[in-house]
Amino acid sequence: MQAFDVVVIGGGPAGMAAALAAHKAGAHVAIVEREQHLGGNLRQCIHPGFGLSHFKQELTGPEYAQRFIDQVRATDIALFLDSMVLGIDSEEGDDALGADASNAEAGAGHTVTIMSRAGMLQLAGRAVVLAMGCRERTRSEIKIPGSRPAGVFTAGLAQRYINIENLKPGSRAVILGSGDIGLIMARRCTLEGISVEGVYELMPYANGLRRNVKNCLDDFGIPLHLSTTVTRVIGHDRVEAVEISRVDEHLAPIPGTERVVPCDTLLLSVGLIPENELSVGAGVELDPRTRGAVVDQSLQTGVPGIFACGNVLHVHDLADNVTTESERAGAAAAAYALGGGAETDVVADTGCELTVSPAGNAGYALPGRITAVALTKLNFRVRRPADAACVRILADGEELFAGKVRAFKPSVMESFPLPAKVIQRALDLGASEIVLSVDPVEEA
């Protein structure tokens, strides 16, 4: 058994940023990472576009990760690499939910059990930060009919094969899904001499960032087919072709629109899922919309002393946003562990307990709980593109606040500042819920 103030699970950009922030706040910190190296998936993202916000310069994924690796190595943060977390056990606190500094002072904490080459270890931490990242949805999760030949990969796996393992996944590829990883791999495959027949997207709009559509598809003459999907995989030992069909407004394949596209490789870029098996085992409540933890404004889950950040909380668009969020989680975890409460800049108001729910075109709203009357940043994504819409904050049917009219895209993670006076107004109304609604506005 080794004791720490804060134990961070995950050594990617989220975990390293959280650990560094906790260390800066004076906490004794450990990072547990299942791979042999820090850096997470950024090690295989050799394309540029990282760091524009955080470092004010354009970096590749490995360059971005290395800056944090160097900072971590320059501290006394304990590293447990090549180590798999088996579970998180929490001691009972005096108050199950909404606990503050009294919980930390009372000695409540968490035991993280890990398996490494040295054997089974236990790390005791007053606070735990969940930063396990996310995984890709596979063919089985989207239920594509057909045989099960070799040559079907998730886009991220193909990226690892090419960029890390120096392996060629195929010669003629079809990409299903226009997420950012799929768009980037369309360009990467082309540069490696792999013919990309096209990118096929179920929705009537691209799901990746606009800059990736331009830089990865338009600049290389790779066609993007919207409202189209793969309806069958053809081949026995190896993929020989895929059947493509148009879909209607209900996303159902339209009979008679089928056509066969010869290929030997199918790459899937059909969404990401937060890695929350450990979270569930620790008793953390998950949001069915994000499939990440339900957290308050300090990124603390419903289990006192357990915090979540990065893609394990909700899927981000930019690594810079992951870093900013994770620094908040690390600082809050350190404050909790050192007896200062879960808030870093405001004392939690025990009389404040509001849930936050999405409505209208908002697909989700985060944090899911507000426990302090203070300026709170709400993150959300829209479910479909909108040329003219505005964010409205409601409580008991009354509009408390409204943002400016502007365009929204599902590919962009949005943030909206919720002033303290709006939270107080909701409490004055006796509301138990704040609603974030994104509603269309008719142009004049």
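Values in this document were obtained by computation on a predicted structure and should not be read as measured data. Along the sequence shown, the residues carry numbers beginning at 1.
For the atom pair CZ (Arg160) and CG (Asn41), the distance works out to 8.5 Å, reported to the nearest 0.5 Å. Separation of atoms NZ (Lys404) and SG (Cys390) is listed at 12.5 Å; rounding is to 0.5 Å. The line from OG1 of Thr228 to OH of Tyr200 is 8.0 Å long, rounded to the nearest 0.5 Å. The distance from atom CZ of Phe4 to atom CD1 of Ile77, rounded to the nearest 0.5 Å, is 10.5 Å. With rounding to the nearest 0.5 angstrom, the OG atom of Ser227 is 5.0 Å from the CZ atom of Arg246. Going from atom CZ of Arg383 over to atom CZ of Arg289 covers 10.0 Å, rounded to the nearest 0.5 Å.
A donor-acceptor pair under 3.5 Å is formed between the side chain of Glu325 and the backbone N or O of Gly310. Counting only distance, with no hydrogens or angles, the side chain of Arg381 and the backbone of Val315 share a donor-acceptor pair below 3.5 Å. Side chain of Thr301 to main chain of Val303: a donor-acceptor pair is present (N/O by atom type, distance under 3.5 Å, no hydrogens or angles). Remark: side-chain polar atoms of Thr154 are not paired, donor with acceptor, to backbone N or O of Leu268 under 3.5 angstrom. Under the 3.5 Å distance criterion, the side-chain polar atoms of Asp264 are matched with a main-chain donor or acceptor of Arg172. Judged by distance alone, the side chain of Asn311 and the main-chain N or O of Cys134 form no donor-acceptor pair under 3.5 Å. With Asp296 contributing its side chain and Thr371 its backbone, the two residues share no donor-acceptor pair below 3.5 Å. Side chain of Arg137 to main chain of Ile142: no donor-acceptor pair is present (N/O by atom type, distance under 3.5 Å, no hydrogens or angles). Without hydrogens or angle criteria, Arg392 side chain to Ala402 main chain gives no donor-acceptor distance under 3.5 Å. Within the 3.5 Å criterion, the main-chain N or O of Val312 finds a donor-acceptor partner in the side chain of Asn276.
Judged as a side-chain hydrogen bond (donor to acceptor under 3.5 Å, both in side chains), and not counting sequence neighbours, the contacts of Ser195 are Glu197.
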Inset, instruction - Please assess Leu86 against Met120 for the test side-chain contact (heavy atoms from CB on, under 4.5 Å), listing each intermediate value before the final yes or no. - result: CA-CA 9 Å; Leu86 303 181; Met120 188 174 291; 3.8 Å; yes
Inset, instruction - Please report the C-alpha distance between Met185 and Ile162 in whole Å, then the side-chain angles of each, then the deciding distance to 0.1 Å, and finally whether the side-chain contact (heavy atoms from CB on, under 4.5 Å) criterion is met. - result: CA-CA 10 Å; Met185 284 309 296; Ile162 293 174; 3.7 Å; yes
Inset, instruction - Begin with the C-alpha distance, continue with both residues' side-chain angles, and end with the deciding distance and a verdict on side-chain contact (heavy atoms from CB on, under 4.5 Å) for Ile175 and Val196. - result: CA-CA 8 Å; Ile175 298 178; Val196 178; 4.2 Å; yes
Inset, instruction - Would you please test Leu38 and Leu81 for side-chain contact (heavy atoms from CB on, under 4.5 Å) and show each step? - result: CA-CA 8 Å; Leu38 294 174; Leu81 304 179; 3.7 Å; yes
Inset, instruction - Could you walk me through whether Glu285 and Arg369 pass salt bridge (Lys or Arg N to Asp or Glu O under 4.0 Å), step by step? - result: CA-CA 12 Å; Glu285 178 190 0; Arg369 296 185 299 120; over 6 Å; no
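Two residues are said to be in side-chain contact when any heavy atoms from C-beta on lie closer than 4.5 Å; Thr265 and Val239 fail this criterion. A heavy-atom distance below 4.5 Å is found between the side chains of Met132 and Ser279. The shortest side-chain heavy-atom distance between Ile393 and Leu436 falls under the 4.5 Å cut-off. Inter-residue side-chain proximity for Ser269 and Leu176 is flagged as unmet; no heavy-atom pair is nearer than 4.5 Å. Put simply, the side chain of Leu226 reaches to within 4.5 Å of the side chain of Glu201, judged on heavy atoms. A heavy-atom distance below 4.5 Å is not found between the side chains of Val356 and Thr376. Annotation: side chain of Asn361 is not in contact with side chain of Pro440 (no heavy-atom distance under 4.5 Å). Counting heavy atoms from C-beta outward, Leu299 and Val129 have side chains that stay 4.5 Å or more apart.
Residues Ala365 and Asp287 approach most closely at O-OD2, 4.5 Å, considering heavy atoms. Heavy-atom minimum distance, Pro417 versus Phe401: O-CE2, 4.3 Å. In terms of heavy atoms, Ser83 sits closest to Ile114 at CB-CD1, 4.2 Å. Taking both residues in full, the closest heavy atoms of Ser53 and Asp320 are given as N-OD2, 2.8 Å, listed atom of the first, atom of the second, then distance. Summarising the geometry of Gly156 relative to Ile181, their closest heavy-atom pair is N-CG2, 3.8 Å, with the distance given to 0.1 Å. In terms of heavy-atom proximity, Ile370 sits nearest to Gln297 at CA-OE1, 3.3 Å.
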Can you list, pair by pair, the side-chain donor-acceptor contacts under 3.5 Å of residues 12-28, counting residues two or more places apart and other chains?
residue, atom, partner, partner atom, Å
His23, NE2, Asp76, OD1, 3.0

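Taking the six-membered ring for Trp and thresholds of 30 and 60 degrees, Tyr336 and Phe307 have ring planes more than 60 degrees apart, a perpendicular arrangement.
Counting non-hydrogen atoms of other residues, nucleotides and ligands closer than 6.0 Å to CG of Asn166 gives a total of 12 or fewer. The local environment of NZ in Lys168 is crowded, with over 12 non-hydrogen atoms from other residues, nucleotides or ligands closer than 6.0 Å. No more than 12 heavy atoms of other residues, nucleotides or ligands sit less than 6.0 Å from atom CZ of Arg34.
Applying the side-chain hydrogen bond (donor to acceptor under 3.5 Å, both in side chains) test to every pair with at least one member in residues 180-193, sequence neighbours left out, gives these pairs: Asn163-Arg188, Asp180-Asn212, Arg188-Glu192.
Under the side-chain contact (heavy atoms from CB on, under 4.5 Å) rule, His316 has a single partner from Asn379, Thr324, Val322, which is Val322.
In the model, Thr323 has a side-chain atom that pairs as donor or acceptor with a side-chain atom of Tyr64 under 3.5 Å. If you check the side chains of Gln122 and Thr111, you find no donor sitting under 3.5 Å from an acceptor.
For Asp218 and Arg210, the salt-bridge test passes: some basic side-chain N is under 4.0 Å from an acidic carboxylate O. We find that Arg135 and Glu141 are not joined by a salt bridge, their nearest charged nitrogen and carboxylate oxygen being 4.0 Å or further apart.
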